[in-house]
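Worksheet: the structure to be examined is printed underneath.
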Amino acid sequence: MKRHLLIIAFMLIITAAASGAEPVGRTVEISRPFTKVYDSLSTYFSPDSMHDFQVLTESKSKSEGELVAKRTITDPIKWREMTYCKVPALQMLDTLKEGDVTVTVKINGANSNSTYVTVTPDFEGTYEFAGSSHTQQCQSSGTLEKDILLGAGAAQTDLH
């Protein structure tokens with residue numbers, strides 16, 4: 001019985017610690033040269049693409065690059081596919097007004113045919129009920145990271 005109480009206490013501590021956690025990035029090694037990966041990501045985030053991101057900052061050197069882009073989502077189904085938002089019980093009836101995701105993508109050329117890409121999303125949803133609204137940090141489901149990494153040229157087998 002004491003063991004079960006210890007496990008429950010431990011799980012509560014982990015849950016409490018995770019609720020205030022910073023966004024976590026996902027890194028994958030892609031078997032492509034840095035310039036090809038960077039170009040693919042630039043295309044992924046371009047205004048002409050179907051991904052609806054607006055590039056906020058972009059930097060590139062010979063073997064390193066970073067893209068920061070933002071997207072606003074108003075479709076609650078699409079938002080739920082990408083995130084999990086833990087809301088207090090009193091706010092369970094609130095509906096999504098809009099969700100913002102800011103994604104930071106870091107690209108590092110490891111050698112002539114290998115590039116590391118790290119995708120770190122930051123999700124924030126604005127919910128409302130009866131004229132009042134609140135903003136909630138949300139956790140990624142991993143769907144967006146996988147999509148961006150596939151756009152960079154990652155193999156499907158590297159994403160499991």
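Sequential numbering from 1 along the given sequence is applied to the chain's residues. Predicted model, so just to flag it, every value in this text is computed and none were measured. Hydrogens, waters and symmetry mates are skipped; everything else that's a heavy atom, side chains included, is used.
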Sequence neighbours left out, cut at 3.5 Å: what donor-acceptor pairs do the side chains of residues 74-83 make with other protein atoms?
{"from": "D75", "atom 1": "OD1", "to": "I77", "atom 2": "N", "distance (Å)": "3.0"}
{"from": "W79", "atom 1": "NE1", "to": "T83", "atom 2": "OG1", "distance (Å)": "3.4"}
{"from": "W79", "atom 1": "NE1", "to": "Y127", "atom 2": "OH", "distance (Å)": "3.1"}
{"from": "T83", "atom 1": "OG1", "to": "W79", "atom 2": "O", "distance (Å)": "2.9"}

Problem set entry | CA sep, side-chain torsions, deciding dist, call: I30, K36, side-chain contact (heavy atoms from CB on, under 4.5 Å) | CA-CA 10 Å; I30 299 174; K36 289 191 181 218; over 6 Å; no
Problem set entry | Test log, rule side-chain contact (heavy atoms from CB on, under 4.5 Å), inputs V37 and D39 | CA-CA 5 Å; V37 172; D39 290 346; over 6 Å; no
For this session: Give a yes or no answer on whether the side chain of S49 reaches the backbone of F45 with a donor-acceptor pair at less than 3.5 Å.
Result: no
Exercise. So, does T115 use its side chain to make a donor-acceptor pair with the main chain of F34 at under 3.5 Å?
Worked result: yes
Problem set entry | Side chain Q136, main chain K86, donor-acceptor under 3.5 Å | yes
Seminar exercise, completed: Here the pair of heavy atoms bringing S46 nearest to T43 is OG-O, 3.0 Å
For this session: Indicate the atoms forming the closest heavy-atom contact of L96 with G99, along with that distance.
Result: CD1-N, 4.0 Å
For this session: Run the numbers on S114 and R32 for side-chain hydrogen bond (donor to acceptor under 3.5 Å, both in side chains), then give the verdict.
Result: CA-CA 5 Å; S114 182; R32 293 178 70 200; over 6 Å; no
Problem set entry | Trace of the side-chain contact (heavy atoms from CB on, under 4.5 Å) decision for Y38 with E58 | CA-CA 11 Å; Y38 190 89; E58 185 173 1; 2.9 Å; yes
Problem set entry | Path from V24 to V101 over hydrophobic side-chain contacts below 4.5 Å | no
For this session: Name all residues meeting the side chain to side chain contact (heavy atoms under 4.5 Å, CB included) criterion together with D52; count only those two or more places apart in sequence or in a different chain, and write none if there are none.
Result: R71
Seminar exercise, completed: Closest non-hydrogen contact found for V68 with E66 is CG2-OE1, 4.0 Å
For this session: Any chance you could lay out the side-chain hydrogen bond (donor to acceptor under 3.5 Å, both in side chains) test for D122 and T102, step after step, and finish with the verdict?
Result: CA-CA 5 Å; D122 185 12; T102 303; 5.7 Å; no
For this session: Can you establish whether the number of heavy atoms outside E29 located under 6.0 Å from its atom CD is more than 12?
Result: yes
Exercise. So if you build clusters from Ile, Leu, Val, Met, Phe, Trp, Tyr with side-chain heavy-atom gaps below 4.5 Å, do V119 and V55 land together?
Worked result: yes
Please report, to 0.1 Å, the donor-acceptor pairs under 3.5 Å made by any side chain of residues 144-154, with sequence neighbours excluded.
{"from": "E145", "atom 1": "OE1", "to": "S140", "atom 2": "OG", "distance (Å)": "2.7"}
{"from": "E145", "atom 1": "OE2", "to": "S140", "atom 2": "OG", "distance (Å)": "2.9"}
{"from": "D147", "atom 1": "OD2", "to": "Y44", "atom 2": "OH", "distance (Å)": "2.5"}

Problem set entry | Reported CD-to-NZ distance for the pair Q54 and K70, which is rounded to 0.5 angstrom | 8.0 Å
Exercise. Do L41 and V117 have side-chain heavy atoms sitting under 4.5 Å apart?
Worked result: yes
Problem set entry | Pairwise distance OG1(T95) to CD(E128) - rounded to 0.5 angstrom | 5.5 Å
Problem set entry | Evaluation steps, side-chain contact (heavy atoms from CB on, under 4.5 Å), between F123 and D100 | CA-CA 6 Å; F123 289 93; D100 291 317; over 6 Å; no
Exercise. Are I107 and Y116 close enough that some pair of their side-chain heavy atoms sits under 4.5 Å apart?
Worked result: no
Seminar exercise, completed: Between G125 and C138, the two heavy atoms sitting closest are N-SG, 4.1 Å
